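In this chain, residues are counted from 1 in sequence order. The shown structure was predicted, so the numbers you read here are calculated from the model rather than taken from an experiment. Side chains included, hydrogens not; waters and symmetry mates left out as well; all remaining heavy atoms used. All ligand and atom numbering here is 1-based and tracks the order in the structure.
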Amino acid sequence: MKESTTINKASINIEKIRADFPILSRKVNGKPLIYFDNGATAQKPLSVIEAIDNYYKTQNANIHRGVHTLSQEITIEYEKARSTIQKHLNAKHAHEIIFTKGTTDSINLVASSFGKKYISKGDEIIISLMEHHSNILPWQILCEERGAILKVIPINDAGELLMNEFEKLLNAKIKIVALTHISNTLGTINPVKEIIEIAHSKNIPVLIDGAQAVPHSAIDVQDLDADFYAFSGHKLFGPTGVGVLYGKEKWLNKMPPYQVGGGTIKTVTFDKTEYADLPLKFEAGTPHIEGGIGLATAIDYINEIGLDTIAKYEHELLVYATEAIQKIEGVKIIGTAKNKASVISFIVDGLHPFDIGTILDQLGIAVRTGHHCTQPLMQHFGIKGTIRASFAFYNTKQEIDEFIKGLERAIKMLK
Ligand SMILES: Cc1ncc(COP(=O)(O)O)c(C=O)c1O
């Protein structure tokens, strides 16, 4: 950890933190950047950028294969990164941490591999109405291939899961529940621990899509008792192209390899191949080595601040922004769950989200507009898209003030 990132654990030292993120000092369209698109991808602290830079300048070699010093050094470093992630998630074993390309890749891995082994004609899979397409399509394809059926947990007007409807869906045909921890569109924090407990009481395993949860809260996979937990490095202040699948050893050992090739084997003959033990069985080809190292560096960085401190500060930002947005005439927030992460989706009467996003961009303010890869959720609310502001711990109330002013200005210009 670099000295420049030493932070008071009890509260956010915002100046110090912002200085750690070089991109936050740039201008966009002549205005200081206000980055409120953290749900799409988060910015990177200097320590992560330097870890990647250092990898290419001093450490570059392939892992797990060489007898030479560079290869051995980087293999140790890469496996150290795996251990950092294991500790961060409180996984029981380092080999339960599978490096993937990201959340999408992790979910595809489970749908494909678990699906091959456990899903047959007439089986059922439960997801929810608020899933990102990445936690719909792998299961939809699996159902089409296997003749299985996709069941969907409905939600209420606030964007909360209807738990009694979930319980009604449970029956002996259900083979897996796949659910988002936090909705990227609504910000709803789902009661995943309770859901896992209910599913386990019927011997049904649960996959949690943690893409939006990992950046905002401490995750303990053993406490949750999750069977699978997926997330992406780039939303956790780490590099793009790398992510994680946590899987319980008992499932991963039984599941067949997903993609195969170099790195996944013990022995190969033209007649038969014996596959490697965990985690290598699921890590085909040369991995994103600097990605894994960068991700572990990002985890070190956020742990230095403390996830409880982060969650508390982001909640303050959420409350502050929600109160301000609600005062603007014609604005409707989509997603008003009691338990919410720092994500605000909204629509403005008679105006297209794209037009508002474009004007905000002229003011240096980056928000996301559109369906946020949750089209079934948009269909449920009868809308085409929303404007989404999603905050991280480097955002400030002053930035929210600027955003509110910009939003009012955009509405005035477009009406
Ligand atoms: C809830 C959720 N799941 C899955 C994904 C997909 O993540 P990735 O594109 O990093 O694979 C996202 C990305 O926005 C997301 O928000």
Exercise. When you check the side-chain N and O atoms of H132 and T180, is any donor under 3.5 Å from an acceptor?
Worked result: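 No, no side-chain donor-acceptor contact under 3.5 Å.
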
Show the atoms of ligand 1 that are less than 4.0 angstrom away from any heavy atom in [X].
| X | result |
| --- | --- |
| S134 | 4 (C), 6 (C) |
| T180 | 1 (C) |
| S232 | 7 (O), 8 (P), 10 (O), 11 (O) |
| N184 | 16 (O) |

Exercise. Is it true that E408 and K405 make a salt bridge, defined as a side-chain N closer than 4.0 Å to a carboxylate O?
Worked result: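 Salt bridge absent between E408 and K405.
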
Exercise. Is a salt bridge present between K193 and D225, judged by a nitrogen-to-oxygen distance below 4.0 Å?
Worked result: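 Looking at D225 together with K193, the answer is no, because their closest N to O distance does not fall below 4.0 Å.
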
For this session: Step through the shown structure and confirm whether more than 12 heavy atoms of other residues, nucleotides or ligands are within 6.0 Å of NE2 on H315.
Result: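 No - once you tally the heavy atoms of other residues, nucleotides and ligands closer than 6.0 Å, there are 12 at most.
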
Exercise. Under 6.0 Å from the NZ atom of K266, do we count more than 12 heavy atoms belonging to anything else shown?
Worked result: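 Enclosed.
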
Exercise. Taking non-hydrogen atoms only, is K235 closer than 4.0 angstrom to ligand 1 via side chain, backbone, both or neither?
Worked result: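 Just the side chain.
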
Exercise. Are H181 and ligand 1 in contact, using a heavy-atom cut-off of under 4.0 Å?
Worked result: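 The answer is no, since H181 has no heavy atom less than 4.0 Å from ligand 1.
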
Exercise. Using the benzene-type ring in the case of Trp, are the ring centres of F99 and Y78 under 6.0 Å apart?
Worked result: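 Judged by ring-centre distance (under 6.0 Å), F99 and Y78 do meet the cut-off.
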
Problem set entry | Check: F391 ring centre within less than 6.0 Å of F36 ring centre |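 Yes.
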
Problem set entry | Pick from Q212, K101, H234: the one approaching atom 16 (O) of ligand 1 most closely through a non-hydrogen atom |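 It is Q212 that holds the nearest heavy atom.
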
Problem set entry | atom 15 (C) of ligand 1 [closest protein heavy-atom partner, distance rounded to 0.1 Å] |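 Checked against all protein heavy atoms, atom 15 (C) of ligand 1 sits closest to H132 CD2, 3.3 Å.
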
Problem set entry | Closest protein heavy atom to atom 11 (O) of ligand 1, given as residue, atom name and distance to 0.1 Å |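 Minimum-distance protein heavy atom for atom 11 (O) of ligand 1 reads T104 OG1, 2.5 Å.
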
For this session: May I ask you to check if ligand 1 and D209 share an N or O to N or O distance below 3.5 Å?
Result: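 Such a contact does occur with ligand 1.
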
